[in-house]
Amino acid sequence: MKVIFDHLRKISGGSLTQKQVDAADQLIATAPDTVADMLGIAIDNAMQVSAAGITLICSFEGLRLNAYDDGGGVWTIGYGTTIYPNGIKVKRGDACTREQAKAYMASDLKSFEATVNKVKVPLNQNQYDALVSLTYNIGVNAFANSTLLKKLNASDYKGAAAQFDVWNKVKGKVV
């Protein structure tokens, strides 16, 4: 955590001894957020979906500029938006531009990213992107209560991966 070491160097007069570096390394390894809090430093460890992840989501969702029923009775627009950034639900007859669809998606991604950032085990970027894509599709509550998340948080990566196939249906039909 470079920001922590930069701060430690600053408060120690510019440099650290090897013994200080080793002690700080050990402390940071056990509780980086606690150390940052003690030093009054804000650290944002949150991951964000990559460009490849956004492309993946867009490929699954497609772009529709006129509201449509997603097959499950939920009105959807753009790249899968069901609720506009102002909190109003999408309804029959709504339309948007390509630019609005991108803005809606950017707004939607914030809550899905925040949800996936609560996962308790380390994720690489591809795993993170896949989980954001899934959450984007099934919703925050479904993901939060899923067996997939329980398996993942128990470090059962293979078991969690196998759970993706559970989420391929709408009203019992494979989509």
J.: For residues Leu65 and Thr97, determine if any side-chain heavy atom of one lies less than 4.5 Å from a side-chain heavy atom of the other.
T.: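 Not touching, per the 4.5 Å side-chain cut-off.
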
J.: Can you hop from Val119 to Val140 via hydrophobic side chains spaced under 4.5 Å?
T.: yes

J.: Can you find a pair of side-chain heavy atoms, one from Ile77 and one from Tyr104, that are under 4.5 Å apart?
T.: yes

J.: Without placing hydrogens or testing angles, list every side-chain donor-acceptor pair under 3.5 Å for residues 80-87, not counting sequence neighbours.
T.:
| unit_1 | atom_1 | unit_2 | atom_2 | d |
| --- | --- | --- | --- | --- |
| Thr81 | OG1 | Asp108 | OD2 | 2.6 |
| Tyr84 | OH | Asp94 | OD2 | 2.7 |
| Asn86 | OD1 | Ile88 | N | 3.0 |

J.: Report the C-alpha separation of Met105 and Ile57 in whole Å, then their side-chain angles, then the decisive distance to 0.1 Å, and conclude whether the side-chain contact (heavy atoms from CB on, under 4.5 Å) test is met.
T.: CA-CA 10 Å; Met105 181 183 200; Ile57 294 167; 3.3 Å; yes

J.: Listing request: all ring-ring contact (aromatic ring centres under 6.0 Å, His included) pairs with a residue in residues 126-157, at least two apart in sequence or in separate chains.
T.: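 Applying ring-ring contact (aromatic ring centres under 6.0 Å, His included) to every pair that reaches into residues 126-157, excluding sequence neighbours, yields Phe112-Tyr136.
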
J.: Test side-chain contact (heavy atoms from CB on, under 4.5 Å) on Val49 and Ile54 and set out the steps.
T.: CA-CA 7 Å; Val49 69; Ile54 291 171; 3.7 Å; yes

J.: Measuring only between side-chain heavy atoms, which start at C-beta, is Leu123 closer than 4.5 Å to Leu152?
T.: yes

J.: OG of Ser146 to CG of Asn141: how many Å apart, nearest 0.5 Å?
T.: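 With rounding to 0.5 Å, OG (Ser146) is 11.0 Å from CG (Asn141).
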
J.: Indicate yes or no for a side-chain donor-acceptor contact from Gln48 to the backbone of Lys110 under 3.5 Å, with no hydrogens or angles considered.
T.: no

J.: Kindly say whether Ala103 contributes a backbone atom to a donor-acceptor pair with the side chain of Ser107 at under 3.5 angstrom?
T.: no

J.: How far does NZ of Lys102 sit from SG of Cys58, to the nearest 0.5 angstrom?
T.: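 The distance works out to 9.0 Å.
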
J.: Distance from Asn153 atom CG to Lys118 atom NZ, nearest 0.5 Å?
T.: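 It is 12.0 Å, given to the nearest 0.5 Å.
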
J.: For Lys150, is the NZ atom crowded, meaning more than 12 foreign heavy atoms sit under 6.0 Å from it?
T.: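 Yes - once you tally the heavy atoms of other residues, nucleotides and ligands closer than 6.0 Å, there are more than 12.
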
J.: Can you pull the ring-ring contact (aromatic ring centres under 6.0 Å, His included) pairs that have at least one residue in residues 59-79, sequence neighbours excluded?
T.: none

J.: Taking all heavy atoms of Arg92 and all of Ala67, pick out the closest pair and write down the distance.
T.: CA-CB, 4.5 Å

J.: Supply the atom-to-atom distance Glu113 CD to Asp129 CG, rounded to the nearest 0.5 angstrom.
T.: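 So the gap between those two atoms works out to 9.0 Å.
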
J.: Which pair of heavy atoms, one from Ala101 and one from Gly78, lies closest together, and at what distance?
T.: CB-CA, 3.7 Å

J.: Is any side-chain heavy atom of Thr76 closer than 4.5 Å to a side-chain heavy atom of Arg64?
T.: no

J.: Let's go through Leu148 and Val166 carefully: what are the C-alpha distance in whole Å and the side-chain angles of both, what is the deciding distance for side-chain contact (heavy atoms from CB on, under 4.5 Å) to 0.1 Å, and is it a yes or a no?
T.: CA-CA 9 Å; Leu148 185 153; Val166 170; over 6 Å; no

J.: Examine Val132 and Trp167 and state if one hydrophobic cluster contains both, with Ile, Leu, Val, Met, Phe, Trp and Tyr joined whenever side-chain heavy atoms are less than 4.5 Å apart.
T.: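 Per the 4.5 Å side-chain linkage, Val132 and Trp167 are co-clustered.
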
J.: Heavy atoms, side chains only, cut-off 4.5 Å: are Asn137 and Glu61 in contact?
T.: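 The answer is yes; the side chains approach within 4.5 Å.
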
J.: Quick one: OG1 on Thr135 to CG on Leu149, what's the gap to the nearest 0.5 Å?
T.: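 The OG1 atom of Thr135 sits 8.5 Å away from the CG atom of Leu149.
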
J.: For the CD atom on Gln127, are there more than 12 heavy atoms of other groups (residues, nucleotides or ligands in this structure) within a distance under 6.0 Å?
T.: yes

